[in-house]
Structure formats: structure tokens, C-alpha cells
Amino acid sequence: MLAWSAAALLILLLGAAIALRTPDADRAALEAAHAGPPSRFLEVLGVRVHLRDTGPRDGPAVLMLHGFGASLHTWEGWAAGLGDRFRVIRLDLPGFGLAGPDPGGDYTDARGVAVLAALLDALGVERAAVVGNSLGGRLAWRFALAHPDRVTRLVLVAPDGFAEPGRAYGEREGAPPLMRLLPWTLPRGMLRDTLAAAYGDPARLTQAEAARAHDLMRAPGVRHAMVARMDQRIIDDPRPLLPGLVMPVMLLWGERDRVIPAAHARDWLAVLPRAAHVELPGLGHVPQEEAPEVSLPPVRAFLEGP
């Protein structure tokens with residue numbers, strides 16, 4: 001009886017594994033669906049970068065960096081609202097969206113900063129305002145510290161940078177056990193729930209946005225790269241570093257952010273007391289995506305300010 005029970009359980013587990021298995025999608029089909037004009041691809045330090053570069057070429061440049069698991073599409077609302085005056089550059093960071101995985105498997109902040117500098121060089125952009133959300137926020141302020149002469153202004157949207165409670169600075173965290181299943185399974189309902197939790201009002205997440213996210217996370221190599229990035233994540237204590245930001249800084253938070261709560265702005269303002277600070281009522285972790293018509297005006301005012 002025990003042997004039969006074990007065999008039945010094994011069959012059930014195998015069946016569940018087969019039913020939940022989510023293979024990678026065809027890259028050509030994904031690019032046809034999600035990389036239409038004005039998308040282009042550019043090789044930078046060996047990485048095949050997917051980017052969009054719109055607006056007047058002689059306008060002030062703005063470089064936009066998305067968060068973990070996202071893509072350049074998160075910025076389309078803001079790009080449209082800035083395109084009359086600003087040159088807006090947004091990209092899929094290495095290992096996300098339609099960017100290829102880093103050939104060396106290096107997803108450290110130092111590597112990310114090097115790729116961004118090389119991208120600006122390739123585009124002929126000497127200086128730019130840098131905007132980053134979450135993980136992209138951490139790369140944004142890291143880039144600004146490494147290349148202060150190239151960053152005119154810095155907009156941090158619910159940025160990553162301070163360690164979570166119970167976590168020590170300077171230690172490699174590693175991907176959680178459930179995250180390690182990601183390369184093999186990606187249930188649509190589970191992903192949609194995860195994405196909706198980043199919104200202040202989950203009902204604002206559209207079916208089209210959820211479907212696009214599911215598609216792009218099935219791009220070849222993306223899910224393995226996401227796990228590798230988490231395995232390589234090390235948070236250095238930002239408090240002795242952030243005072244090195246010599247350019248104007250803006251902190252933008254959604255009041256209902258459940259990923260990096262808006263109260264975390266206090267940590268940043270304690271180190272950057274002169275930073276502009278805006279909290280958006282009713283919005284969550286990705287205000288640029290959830291309500292661009294509400295979240296963009298204070299950012300544009302900051303970018304246009306003295």
C-alpha cells in the first residue's frame with residue numbers, strides 16, 4: 001500500500017510539473033509582437049540591447065531605467081508626455097525584456113553601470129537626466145555616483161538601495177527557493193497577481209499589460225538571468241555613498257506602494273535633505289505605469305526646473 005501511494009504521488013507530481021511547465025517563447029515572434037517602431041537593437045559590451053530613442057535629438061536627454069522583471073514599456077506613458085521637448089531613451093536592462101542575457105552572466109551593479117555608460121557613448125549622448133524605478137533606481141544612483149559629470153538630474157521612483165529589515169549590508173542574499181522554479185514554470189494567474197500587487201489599485205492593471213509581461217518573461221534566457229541577478233545582489237550601505245550625489249535629486253513614491261513602502265523616503269531624506277520629495281496619493285510601486293497622467297507632471301516640472 002505504501003509503495004502504491006508513493007507511486008501515485010510521484011505520478012501526480014510529474015503531471016503537475018508537466019501541466020505547469022512554461023517553455024521559452026520564440027524570440028522572433030516576441031520581437032514581432034513587442035519590438036515594433038520605434039524599437040531598435042544595439043550591441044553594447046557584448047549585450048544585445050533593446051531600446052527606444054525618441055523626441056528631438058537636440059533636446060535634453062533623459063535616460064529611463066525600469067525595475068526588476070519589467071521592460072522599457074513601463075515608461076511609454078512618460079515618454080509620450082516628454083517627447084515634445086526631451087530626447088527620451090529607455091531600454092530593456094540586460095537579462096530583461098527583449099535584451100539578451102549578458103554573455104558573461106554578470107548582473108552586478110558595476111556591470112550595469114558600465115553597460116549604461118557604453119550605451120550613452122554609442123548614442124552620442126554626453127549628459128542626461130537619469131530616471132530609475134526600483135532596481136532601475138538603484139542603477140540610476142549608482143551610475144550618477146560613478147559618472148557625476150554625465151548626469152544632469154536624478155529622478156528616483158521608489159528606488160532600491162537600503163537593506164530590508166533583518167538583512168545585513170555587504171552580504172550576498174541569493175534567490176529565494178520558489179524563485180528558482182521560475183525558469184521552468186510561469187503560471188499566468190500567479191504572474192498577474194504579482195504585477196497587480198505593484199499597483200495602488202490592482203484593477204488598473206490591464207489584460208494587455210499582463211499578457212505582454214508574461215510574453216517578455218518567456219524570452220529566451222530571461223528567467224535564468226533573473227535568478228542569476230538575485231543570486232548576485234549585494235546591497236552596500238548607501239548612507240556613506242549618497243552624499244556624493246552632486247546633481248539635483250527627486251524622490252517620487254506612490255502612497256500605496258507595497259513593494260518599497262513610501263515611508264522609506266525618510267531614509268533617503270535623512271541623507272539627502274535637499275532632495276525634492278513627492279508622494280502620489282492612491283498610487284503604487286510603478287506610478288509611471290499605473291497613472292502617467294498623474295505621475296509625470298511633477299517629474300516634468302523637476303526636469304524643466306532651474
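If you're wondering where the values come from, they're calculated on a predicted model, not measured in any experiment. As a basis for the values below, the full set of heavy atoms in this structure was taken, side chains included, without hydrogen atoms, waters or symmetry mates.
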Pairs touching residues 113-125 that satisfy salt bridge (Lys or Arg N to Asp or Glu O under 4.0 Å), sequence neighbours left out: D121-R150
Any donor-acceptor pair under 3.5 Å from W253 side chain to I260 backbone: yes
Joint hydrophobic cluster, V131 plus L72, side-chain heavy atoms closer than 4.5 Å: no
Nearest-0.5 Å distance, CG of residue L91 to CD1 of residue I89: 9.0 Å
N/O donor-acceptor pair under 3.5 Å between R300 side chain and G81 backbone: yes
Ring pair (Phe, Tyr, Trp, His ring centres under 6.0 Å) pairs, two or more places apart, involving residues 62-84: H66-F96, F68-F96, W75-W78
Test side chain to side chain donor-acceptor pair (under 3.5 Å) applied to T108 and Q232, step by step: CA-CA 6 Å; T108 60; Q232 296 172 28; 5.3 Å; no
ILVMFWY cluster, W268 and V155 together (side-chain gap under 4.5 Å): no
Counting only pairs under 3.5 Å, give me each side-chain donor-acceptor contact of residues 242-252, with atom names and distances, residues two or more places apart or in other chains.
none

L296 side, atom CG; F302 side, atom CZ - distance, nearest 0.5 Å: 13.5 Å
Minimum side-chain heavy-atom gap M217-M226 below 4.5 Å: yes
Single-linkage hydrophobic cluster, 4.5 Å side-chain cutoff, F143 and V115 together: yes
Salt bridge flag under 4.0 Å for residues E31 and R27: yes
For P292 against P297, the heavy-atom pair lying closest together: O-CD, 4.1 Å
Apart from F41 itself, residues in the same hydrophobic cluster as defined by side-chain heavy atoms under 4.5 Å: L30, L98, L216
Side chain to side chain contact (heavy atoms under 4.5 Å, CB included) between L82 and M64, worked out: CA-CA 12 Å; L82 292 172; M64 295 182 164; 3.6 Å; yes
Residue pair A262 / G254: nearest heavy atoms and the distance that separates them: CB-O, 3.7 Å
Listed partners of H277 passing ring-ring contact (aromatic ring centres under 6.0 Å, His included), at least two apart: none
For F86, ring-ring contact (aromatic ring centres under 6.0 Å, His included) partners two or more places apart: none
Other cluster members, M190 - Ile/Leu/Val/Met/Phe/Trp/Tyr, side-chain contacts below 4.5 Å: none
Heavy-atom closest pair, residues G137 and L156: O-CD2, 3.6 Å
V130-V157 co-clustered via ILVMFWY side chain contacts under 4.5 Å: no
Test item: R87 and D53 side chains (from C-beta on) under 4.5 Å apart, heavy atoms: yes
Shortest non-hydrogen separation from P298 to V294 and the atoms involved: CD-O, 3.7 Å
Pairs touching residues 99-129 that satisfy ring pair (Phe, Tyr, Trp, His ring centres under 6.0 Å), sequence neighbours left out: none
Residue pair D106 / R111: nearest heavy atoms and the distance that separates them: O-CG, 3.3 Å
Partner set under side chain to side chain contact (heavy atoms under 4.5 Å, CB included) for P38, not counting sequence neighbours: R52, T54
Student check: side-chain heavy atoms of P101 and V222 closer than 4.5 Å: no
R180 vs D231, salt bridge (charged side-chain N to carboxylate O under 4.0 Å, His left out): CA-CA, chis, key distance, verdict: CA-CA 10 Å; R180 299 192 182 280; D231 277 339; 2.6 Å; yes
Test log, rule salt bridge (charged side-chain N to carboxylate O under 4.0 Å, His left out), inputs R229 and D102: CA-CA 10 Å; R229 186 180 287 274; D102 191 298; over 6 Å; no
Please set out all donor-acceptor pairs under 3.5 angstrom arising from side-chain atoms of residues 280-287, sequence neighbours excluded.
residue: H285; atom: ND1; partner: D257; partner atom: OD1; Å: 3.2
residue: H285; atom: ND1; partner: D257; partner atom: OD2; Å: 2.7
residue: H285; atom: NE2; partner: S134; partner atom: OG; Å: 2.9

Donor-acceptor contact below 3.5 Å, side chain R127 vs main chain V125: no
E289 versus T74, side-chain donor and acceptor atoms under 3.5 Å: yes
Any donor-acceptor N/O pair, T22 side chain to L186 backbone, under 3.5 Å: yes
Test item: R153 side-chain N/O and G305 main-chain N/O as donor-acceptor pair under 3.5 Å: yes
Closest approach of P148 to A146 (non-hydrogen atoms, all atoms of both residues): CD-C, 3.5 Å
Rounded distance [0.5 Å steps], OG1 in T152 versus CG in L63: 10.5 Å
Atom pair CZ/CG of R40 and L51 - distance to nearest 0.5 Å: 5.5 Å
Distance in Å, E164 CD paired with E173 CD, rounded so as to fall on 0.5 Å steps: 5.0 Å
Between CG on residue L123 and CZ on residue R57, distance to nearest 0.5 Å: 8.0 Å
Residues R223, D24: salt bridge by 4.0 Å N-O rule: yes
Anything under 3.5 Å between a donor and an acceptor, one on a side chain of residues 202-213, the other on a protein residue two or more places apart or in another chain? List them.
residue: R204; atom: NH1; partner: E290; partner atom: OE2; Å: 2.6
residue: T206; atom: OG1; partner: E209; partner atom: N; Å: 3.1
residue: T206; atom: OG1; partner: E209; partner atom: OE1; Å: 3.2
residue: E209; atom: OE1; partner: Y199; partner atom: OH; Å: 3.3
residue: E209; atom: OE1; partner: T206; partner atom: N; Å: 3.1

same_hphob_cluster(V113, L241) at 4.5 Å side-chain heavy-atom cutoff: yes
With sequence neighbours excluded, residues passing side-chain hydrogen bond (donor to acceptor under 3.5 Å, both in side chains) with R218: H214, D215
N-O pairing of D160 and R142 below 4.0 Å: no
